[in-house]
J.: 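Got a structure here, written out as structure tokens. Questions coming.
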2 protein chains.
Amino acid sequence: MLKPDKRDEILRAALELIAEYGFHGAPMAMIAVRAGVGAGTIYRYFENKDVLINELYRELEDKIREYILPGYSTERPIRERFVHLNTKLFRFFIEFPLQFRYLEQFHNSPYGAAYRRDKILGESDEKDVFMRLFEDGLAQQVMKDLPILILFCLSFGPLITSMRDHILGFISLDDIMIERITEACWDGVKR
Amino acid sequence: MLKPDKRDEILRAALELIAEYGFHGAPMAMIAVRAGVGAGTIYRYFENKDVLINELYRELEDKIREYILPGYSTERPIRERFVHLNTKLFRFFIEFPLQFRYLEQFHNSPYGAAYRRDKILGESDEKDVFMRLFEDGLAQQVMKDLPILILFCLSFGPLITSMRDHILGFISLDDIMIERITEACWDGVKR
DNA sequence: TAATATGGAATGAACGTTCATTCCGTATTA
DNA sequence: TAATACGGAATGAACGTTCATTCCATATTA
């Protein structure tokens, strides 16, 4: 019987190594060593490296959703929802920097491009929380009359860029700074 | 005598292939074929792949400076300077999408991290145009009282993110959209 | 001028290394 | 004991880089 905890060890090891060294700097053999399993064992849990990478991404997405959604309500005012999601995202990434770096690696690769194409153009059954927020912001005329994707860029661009600098140690993001950046982003998207 | 145009061909080929396939998806052999030279010839012009990659980045930086600086004056009002640089940067990247993608690849790699560390922490002799703009904006109390790097993130985060979506074909950045995004970024950084 | 010699640029096959993946003998489980 | 999981050596493909050789523009010679 395949053990779930061995699978988790492999995923954890892959996350750590890929976050630090990138996809090409994290060979399967190295992942195996860090996970404390044989190289061949990985292939009992994941068909190949691509599958492992994509699986890791999917689980990460779930983890993020679980982290940011509690306390979030589409009934609240747009501005409050915006601040909630932005702040929680910042907090998540600061608490889990390896996860942030993994996401960065993923998005800046063919994996990420393909995934994003699916998400934006594809007919997803359940709409993204963020999509929904910007749609509502537009409908209520609280946000600037810009394409939703642009509103996206205006709030997540600074988030990602500043997180990167935080992780590299160039700036330090404490709660106050997070709040001020979020406010500045709001100034950017609000009408 | 080593021919400059052969060197240029190699740089051009490397730019195209790395922009499209990433550092690891662009083998030297492939670069050689596209440049129309023998594989070994590259090593007559560049010590190794790392040197080639860094040289390409440095030339790209020069090209950008030459593109955005004409018509720019530190004597003008902060807001005008901000709009000038942002707009020119957008235009450059839209006109030269391969260059944008190369920059992206570079920044999301150990090359970029090392480079950025030097630039931010190092004692550069000449100050960056952008650094200077934000310093002036702070001094004149026109911009929000935030660390310079944060102001940076607030304006370049959206630029980079929206350029990425533009290149992937998810949005279309025309002059009007550029202006509106730049305005929104200004709303983000202005006091 | 014609014929030959020279030296550096260009070449691409070959090398050593690294990697993802497979294979199979052993250990573990039921 | 039979079936399944495991480990890590083996494999072959792909890569960056090297180097013995070829090519060619120029210099030298007769």
Side-chain angles (χ1 to χ4, degrees), chain A residues 1-59 101-102 105-106 108-112 114-115, chain B residues 1-59 102 105-106 108-115:
Chain A
M1 171 209 344
L2 292 169
K3 295 180 181 177
D5 47 339
K6 199 156 278 198
R7 195 186 119 98
D8 286 347
E9 281 303 295
I10 294 168
L11 283 172
R12 187 188 52 77
L15 174 79
E16 291 175 11
L17 291 169
I18 292 173
E20 183 155 16
Y21 305 114
F23 294 120
H24 296 278
M28 293 297 259
M30 205 188 284
I31 294 173
V33 169
R34 169 133 354 171
V37 303
T41 305
I42 297 179
Y43 290 84
R44 299 201 57 76
Y45 292 87
F46 305 96
E47 194 186 333
N48 55 43
K49 197 175 183 180
D50 271 25
V51 169
L52 169 59
I53 287 169
N54 280 294
E55 189 59 29
L56 194 43
Y57 181 80
R58 217 156 306 143
E59 300 214 354
R101 297 195 54 185
Y102 183 84
Q105 299 278 357
F106 189 88
N108 288 286
S109 73
Y111 302 110
Y115 180 84
Chain B
M1 174 207 342
L2 292 166
K3 294 182 181 175
D5 48 338
K6 199 155 274 194
R7 195 186 120 98
D8 287 346
E9 280 303 295
I10 294 168
L11 283 171
R12 187 187 52 76
L15 174 79
E16 291 175 12
L17 291 169
I18 292 173
E20 183 156 13
Y21 304 115
F23 294 120
H24 296 278
M28 292 296 257
M30 205 187 285
I31 293 173
V33 168
R34 171 138 348 177
V37 304
T41 306
I42 297 179
Y43 291 85
R44 301 198 57 77
Y45 293 88
F46 306 96
E47 195 185 331
N48 55 44
K49 196 176 185 178
D50 272 24
V51 169
L52 169 61
I53 286 168
N54 280 293
E55 189 59 29
L56 195 44
Y57 181 78
R58 217 154 308 142
E59 300 214 352
Y102 184 85
Q105 298 279 356
F106 190 88
N108 289 289
S109 73
Y111 302 110
Y115 180 84

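We name chains A, B, ... by the order of the sequence lines, and we start the count at 1 in each one.
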J.: For residues 15-22 of chain B, which side-chain donor-acceptor pairs fall under 3.5 Å, sequence neighbours excluded?
T.:
{"from": "Glu16(B)", "atom 1": "OE1", "to": "Arg34(B)", "atom 2": "NH1", "distance (Å)": "2.7"}
{"from": "Glu16(B)", "atom 1": "OE2", "to": "Arg12(B)", "atom 2": "NH1", "distance (Å)": "2.7"}

J.: Check nucleotides 8-12 of chain D against the protein and report each pair of N or O atoms closer than 3.5 Å, with its distance, or say if there are none.
T.:
{"from": "dG8(D)", "atom 1": "N7", "to": "Ala39(A)", "atom 2": "N", "distance (Å)": "3.4"}
{"from": "dG8(D)", "atom 1": "N7", "to": "Gly40(A)", "atom 2": "N", "distance (Å)": "3.2"}
{"from": "dG8(D)", "atom 1": "O6", "to": "Gly40(A)", "atom 2": "N", "distance (Å)": "3.3"}

J.: How long is the line joining CD1 of Ile10(B) and P of dA9(C), in whole Å?
T.: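 So the CD1-P distance, Ile10(B) to dA9(C), works out to 13 Å.
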J.: Given atom NZ of Lys6(A) and atom P of dT4(D), what is their separation to the nearest angstrom?
T.: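 Distance, rounded to whole Å: 18 Å.
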J.: Return the CG to CD1 distance between Leu56(B) and Ile10(B), rounded to the nearest 0.5 Å.
T.: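 It is 11.5 Å, given to the nearest 0.5 Å.
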J.: Rounded to the nearest 0.5 Å, what separation is found between the CD atom of Glu59(A) and the CG atom of Asp8(A)?
T.: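 One finds 7.0 Å between CD of Glu59(A) and CG of Asp8(A).
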J.: Listing time: all N or O pairs from protein to nucleotides 14-20 of chain C that are below 3.5 Å?
T.:
{"from": "dA20(C)", "atom 1": "OP1", "to": "Lys49(A)", "atom 2": "NZ", "distance (Å)": "2.3"}
{"from": "dA20(C)", "atom 1": "OP2", "to": "Met28(A)", "atom 2": "N", "distance (Å)": "2.5"}

J.: Find out whether Leu52(A) and Leu11(A) are in side-chain contact, i.e. whether some heavy atom of one side chain is under 4.5 Å from a heavy atom of the other.
T.: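 In contact.
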J.: Rounded to whole Å, please give me the gap between CG in Asp5(B) and P in dA9(C).
T.: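 To the nearest whole Å, that distance equals 14 Å.
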J.: Once the angle between the rings of Tyr115(A) and Phe106(A) is folded into 0 to 90°, is it parallel (under 30°), tilted (30 to 60°) or perpendicular (over 60°)?
T.: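 Because their plane-to-plane angle is over 60°, the rings of Tyr115(A) and Phe106(A) count as perpendicular.
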J.: Within a strict 4.5 Å, meaning less than it, do heavy atoms of the Phe46(B) and Ile53(B) side chains meet?
T.: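 Heavy-atom side-chain distance check fails, nothing below 4.5 Å.
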J.: Do the non-hydrogen side-chain atoms of Asp5(A) and Glu9(A) ever get within less than 4.5 Å of each other?
T.: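 No - every pair of side-chain heavy atoms lies 4.5 Å or more apart.
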J.: Taking the side chain as every heavy atom from C-beta outward, state whether Tyr111(A) and Asp50(A) have any atom pair closer than 4.5 Å.
T.: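 Tyr111(A) reaches Asp50(A) side chain to side chain.
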